[in-house]
Amino acid sequence: MPPVIEVRDLHKRYDDKIAVDDVSLTVQEGEIFGILGPNGAGKTTTVECVEGLRVPDRGEIRVLGLDPLRDRAELTRRLGVQLQAGHLPERLQVAEALELYGSFYPEPADWRALLDGLGLADKAKTRYAKLSGGQKQRLSIALALIGNPRVAILDELTTGLDPRARRDTWDLIEGVRSRGVTIVLVTHFMEEAERLCDRLALIDAGRVVMVDTPAGLTERARIEQRIQFRPSRPMDDHLLTSLPDVSGVTRRGESVIVNGNDNALNAVTTVLARNQIVAEQLRVEQASLEDAFVQLTGKRLEPGPR
Amino acid sequence: MSALHTAERGSATWRLIKAESTLCVRDKVAPLWGIGFPLVLLIILGSVSDLRQPVEGSGGLTYFDLYVPVLILFNLAILATTSLPTTLAGYRENGVLRRMRTTPVGPARVLAGQLVANFAIAVVAMVLFVAVAGLGFGVDLPKHLPGFALAWLLAAAALLAIGLLVAALAPGRGPATAIGTVLFFPMMFFAGLWIPISQMHPLLRDIAHYTPLGAGMGAFQDAYLGHFPSAVPLLTLTAYAVVCAFVAIRRFRWE
Ligand SMILES: Nc1ncnc2c1ncn2[C@@H]1O[C@H](COP(=O)(O)OP(=O)(O)O)[C@@H](O)[C@H]1O
Ligand SMILES: [Mg+2]
């Protein structure tokens, strides 16, 4: 099956600033593809080129086989877009906006169901200017889906939403995907990427660092595991430091903290069992995607979007 | 299939026009300053008996008779310098037009919707002013009605084109409002809001004839006196409409 989105050697600069240096991506039908990276990495510029809002300096882009610039009319019918900064007239009411935008598409979705799914049902008569930041965000998600698109590109999907609304939105997006819609998700939230994405592209400074599944990315970064427990009786650290899979042992109060590779947990529990020590309050911290990101780019993901 | 598409497009355009009209009314500038204020002015002026004296050099029309077309132009000027450019520049500033670029309908039809909405408000205002002046204060209808209609259409086209030009050139909503306000007062001066054109200093009178509202006033006055408007004001209005619309369309940016 041909890919739904294909980007090859994309390059885009603004005056003297290179926003996208060299980005290539393929997005397959039906997947949720994440684009992850710190602020200023070039995520928004990349997807806006795919949407046909920006003209790339170099590179090839195909969406459903269409050229975003030449085949605009056809593309806009099949592609749903949530812009990072997109707005509506201040005095337009929520329901009016959805009915209006629905009328632009050949087969619009049922806007009432969309509003329900996004927890906006009681805001149908509210003017855009009177909505909170999170409500505006949810409305813009609804508008991205109103045309029943085959592909949706969502830039900073849940930025500005509280944790509960964020989870509801994730549920909604999973529901949309289960109807076969291909979704590109730009995000700088690790939790969101881990929960929703089938594959992720890690973008940094205008380049794709790597593309993999969330688990694959974590694994590739070879992050150590961290095991924490309280031994049931006093024990010598040397019992653990001598294990080849363990790289370090520290103590915090009565707790022992062990760092090591994927096998460390196995090795540690075996040694403890052999010495009749019970590991109480055992906790294993899985390496997170966030750790992987820091490992791979040497940068932290910053909290605010741009 | 293609007929279906056309029908859908038609309904999208129609909905946009409806939405933009609703928004214009909710915005209050057009109904309040474009219709309400001049209407109140018309009623107050109509009650001042001193204004029922003929104005020298105006073919027998009284001061009050002249105020009717002046206030019709006042309405067009408010729409062109305040309502239209502020709204469109605000749409660009707030990303409304950019968002429309990602839909099958595109932002040009938002522009069209705004123009139609403002045009509709202008029609309502014009009919209302003429009717109130006629029924309430005994001002005769323009004696040359087709000439009046043509003059009004050209004046509306010129003024809306000027509004579009302001929206195209202003970098944001704030500058658009400022430019509009700066334009409004001299334009209204040359329409004869404060002194009838025929009473102006000859130099100012010559300038007035080539300003959009001065030309509009000239054409209206001809129609009120029963002539088809003369060529100079009609051509002046047409020139403003064509040139401003051309430059506006060339220079308009969606974001
Ligand atoms: N319109 C623009 N003009 C100039 N520079 C821009 C513009 N848009 C983005 N940039 C710059 O390009 C870089 C990439 O921006 P962007 O694509 O928005 O990144 P991201 O979405 O990953 O935060 C940033 O350094 C940003 O400052
Ligand atoms: Mg961004």
Side-chain angles (χ1 to χ4, degrees), chain A residues 44 47-55 63 68-69 71-108 127-130 136 139-140 143-149 151-155, chain B residues 1-32 83-84 86-114 117 167 172-173 253-255:
Chain A
T44 296
V47 293
E48 287 186 351
C49 287
V50 172
E51 292 154 2
L53 283 181
R54 294 193 186 278
V55 184
V63 182
L69 296 174
D71 309 318
R72 278 209 71 62
E74 192 54 42
L75 182 69
T76 51
R77 245 171 256 148
R78 303 206 228 157
L79 178 68
V81 170
Q82 182 207 7
L83 297 178
Q84 188 179 338
H87 286 277
L88 290 171
E90 292 183 353
R91 292 180 178 79
L92 197 62
Q93 296 172 0
V94 168
E96 289 172 341
L98 286 161
E99 281 190 282
L100 179 66
Y101 270 63
S103 75
F104 299 166
Y105 296 91
E107 285 157 40
R127 292 178 181 196
Y128 184 71
K130 294 265 162 64
K136 285 181 182 168
L139 177 57
S140 90
L143 290 178
L145 301 173
I146 191 74
N148 258 329
V151 188
I153 300 181
L154 309 167
D155 197 349
Chain B
M1 181 69 196
S2 95
L4 197 70
H5 263 295
T6 318
E8 277 156 6
R9 291 254 186 79
S11 100
T13 306
W14 177 237
R15 272 170 192 274
L16 254 177
I17 290 172
K18 243 174 55 185
E20 293 303 330
S21 306
T22 311
L23 291 171
C24 267
V25 171
R26 282 185 196 154
D27 181 43
K28 300 205 181 67
V29 168
L32 234 52
S83 168
L84 183 69
T86 310
T87 305
L88 289 180
Y91 281 2
R92 179 172 45 217
E93 192 168 291
N94 294 334
V96 172
L97 299 177
R98 186 160 207 269
R99 181 65 183 80
M100 284 300 292
R101 284 185 64 202
T102 67
T103 74
V105 163
R109 266 188 268 181
V110 176
L111 240 65
Q114 263 294 314
R173 191 187 165 102
R253 295 282 169 272
W254 301 123
E255 50 188 270

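Please read these numbers as outputs of a predicted model, since none were measured by experiment.
Ion pairing of B/Arg173 with A/Glu90 is absent here, as no side-chain N (NZ or NE/NH1/NH2) approaches a carboxylate O to less than 4.0 Å.
A distance-only check finds a donor-acceptor pair linking the side chain of A/Arg72 to the backbone of B/Arg101 [under 3.5 Å]. No donor-acceptor pair under 3.5 Å is formed between the side chain of B/Arg98 and the backbone N or O of A/His87.
Closest approach of B/Ala12 and A/Phe104 over heavy atoms only: CB-CD2, 3.9 Å. Residues B/Ala19 and A/Leu92 approach most closely at CB-CD1, 4.5 Å, considering heavy atoms. Across every non-hydrogen atom of B/Val96 and A/Pro89, the tightest pair is CG2-N, 3.6 Å. For A/Ala144 against B/Arg99, the heavy-atom pair with the smallest separation is N-NH2, 3.8 Å.
Proximity to chain B involves both the backbone and the side chain of A/Gln93, based on heavy atoms less than 4.5 angstrom apart. In this structure, no portion of A/Leu75 lies under 4.5 Å from any heavy atom of chain B. Both the backbone and the side chain of B/Leu16 come within contact range of chain A, with heavy atoms under 4.5 Å apart.
For A/Tyr101, the side chain to side chain donor-acceptor pair (under 3.5 Å) criterion is met by no residue, not counting sequence neighbours. In this structure A/Asn148 satisfies the side chain to side chain donor-acceptor pair (under 3.5 Å) test with no other residue, sequence neighbours excluded.
Rounded to the nearest 0.5 Å, atoms CD1 (A/Ile146) and OG1 (B/Thr103) are 12.5 Å apart. Interatomic distance, A/Leu100 CG to B/Glu20 CD, rounded to the nearest 0.5 Å: 8.0 Å.
Among A/Glu96, A/Gln82, A/Glu51, the residue making the largest number of heavy-atom pairs under 4.5 Å with chain B is A/Glu96.
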Checklist entry - How far apart are the C-alpha atoms of B/Thr102 and A/Leu79, what are their side-chain angles, what is the distance that settles it, and do they pass the side-chain contact (heavy atoms from CB on, under 4.5 Å) test? => result CA-CA 8 Å; B/Thr102 67; A/Leu79 178 68; over 6 Å; no
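No more than 12 heavy atoms of other residues, nucleotides or ligands lie within 6.0 Å of NZ in B/Lys18, so this atom counts as exposed by the packing criterion.
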